[in-house]
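In listed order, ligands and their atoms are each counted from 1.
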Amino acid sequence: MRSEAFQSWAHAHQVRIESALERILPESSAMPARLHEAMRYAVLAGGKRVRPLLALASGEIVDADAEKVMLAACSVELIHAYSLVHDDLPAMDDDVLRRGKPTCHVEYDEATALLVGDSLQSLAFETLSSPGLSGKRQVEMVRLLAKASGSRGMAGGQAMDLENVGKSLDLPELESMHIRKTGELIRASILLGAHCGEMEEEGLAKLDHYAKSIGLAFQVIDDVLDAESSTATLGKTAGKDQKDGKPTYVSLMGVRQAKRMADDLYDSAISALGCFGGKAERLRQMADFVVKRQF
Ligand code: GRG
């Protein structure tokens, strides 16, 4: 259940994430000023910050150092922000609205938006490899994020998404695309949080199960919201998947079945957290947030 206590935890941490991102991003007065201004435009003041919140919630299980886990959390959000900027470009999804504002290439220009994405990706790895996160798992963490965002993860999923426009996919094909496009980065957020402390292999396997289920549930609900919600509520163009001929969970099985699938994934995610007891309460609440969110 999404309690008041969870809402105030989420809000307080969204504020902390926002100010950590503020500090990590170059000042807009630093040269090249227009690029830095556009990077800040793309990252700050908007977004639910689901991935960094998941990293922080997972860090709570291992009593992670607050500053370390915040750096890991921000590195994932920077990758996410880069992916949104590139996804909105005319060569990809060609969208004009993101987080309730003109997309980066509309506000600036296409070349700037390309460079914003490139630079945010570099900044993510600069952040994750910074001295503030030094420790025996740091290289493993860098590798995890690199793999999750590259051609075997998010960028690969995006390539499949572009190839599959106008096609109808079966469930395994759709899942294989979405595990990469959306799931891998969400999974990375959760595992990176745990890597900021100590966790046995058995615990990591359980956490991985939670992460995979929630990653997929996030996408199923994204498809439902695209079909059911409005542009004003989403802060991005609603109904675009159908208009663009994208195969989605909704086009494959309808809204009702898609919602049932998200509920099943939620149950599976929650059951994986049993071994962590009360320490995983925030992750349980985050799962609830992911499947019940309205935008
Ligand atoms: C361009 C390499 C590359 C990848 C793009 C992220 C992505 C892959 C595409 C975006 C299109 C999309 C709708 C993906 C599905 C799920 C998703 C990432 C939704 C947006 O994430 P939210 O809801 O956004 O967390 P906010 O704005 O809240 O951060």
Around [atom], find the nearest protein heavy atom and jot down its residue, atom name and distance.
atom: atom 22 (P) of ligand 1; result: K48 NZ, 3.4 Å
atom: atom 6 (C) of ligand 1; result: S83 OG, 3.1 Å
atom: atom 14 (C) of ligand 1; result: K181 CE, 3.5 Å
atom: atom 15 (C) of ligand 1; result: Q219 OE1, 3.0 Å

Run the salt-bridge test on [X] and [Y] with the 4.0 Å N-O cut-off and return the result as yes or no.
X: K240; Y: D226; result: no
X: K101; Y: E107; result: no
X: D223; Y: K259; result: no
X: R40; Y: E22; result: yes
X: K206; Y: E201; result: no
X: R137; Y: E140; result: yes

State the atoms of ligand 1, each with its element, that fall below the 4.0 Å cut-off from a heavy-atom position in [X].
X: G47; result: 26 (P), 27 (O), 28 (O), 29 (O)
X: Y82; result: 2 (C)
X: D222; result: 13 (C), 15 (C), 16 (C), 19 (C)
X: H86; result: 1 (C)
X: R99; result: 26 (P), 27 (O), 29 (O)

Heavy-atom contact check, 4.0 Å cutoff: does [X] meet ligand 1?
X: F295; result: no
X: V50; result: no
X: R51; result: yes

task = Just let me know how H80 lines up against ligand 1, side chain, backbone, both or neither, with a heavy-atom cut-off below 4.0 Å.
result = side chain
task = Under 4.0 Å, heavy atoms only, figure out whether ligand 1 is touched by the backbone of Q158, its side chain, both or neither.
result = side chain
task = Give the intermediate values and the outcome of salt bridge (charged side-chain N to carboxylate O under 4.0 Å, His left out) for residues R180 and D161.
result = CA-CA 10 Å; R180 289 169 177 79; D161 182 281; over 6 Å; no
task = Using the rule that two of Ile, Leu, Val, Met, Phe, Trp, Tyr join whenever any of their side-chain heavy atoms come within less than 4.5 Å, decide whether M39 and L114 are in one cluster.
result = no
request  = Please test D88 against K236 for salt bridge (charged side-chain N to carboxylate O under 4.0 Å, His left out), starting from the C-alpha separation and ending with a verdict.
outcome  = CA-CA 10 Å; D88 290 332; K236 62 180 179 181; over 6 Å; no
ask   = Are I221 and L225 side-chain neighbours, meaning at least one heavy-atom pair lies under 4.5 Å?
value = yes
Option of least heavy-atom distance to atom 11 (C) of ligand 1 (set: T182, I79, D87) = D87
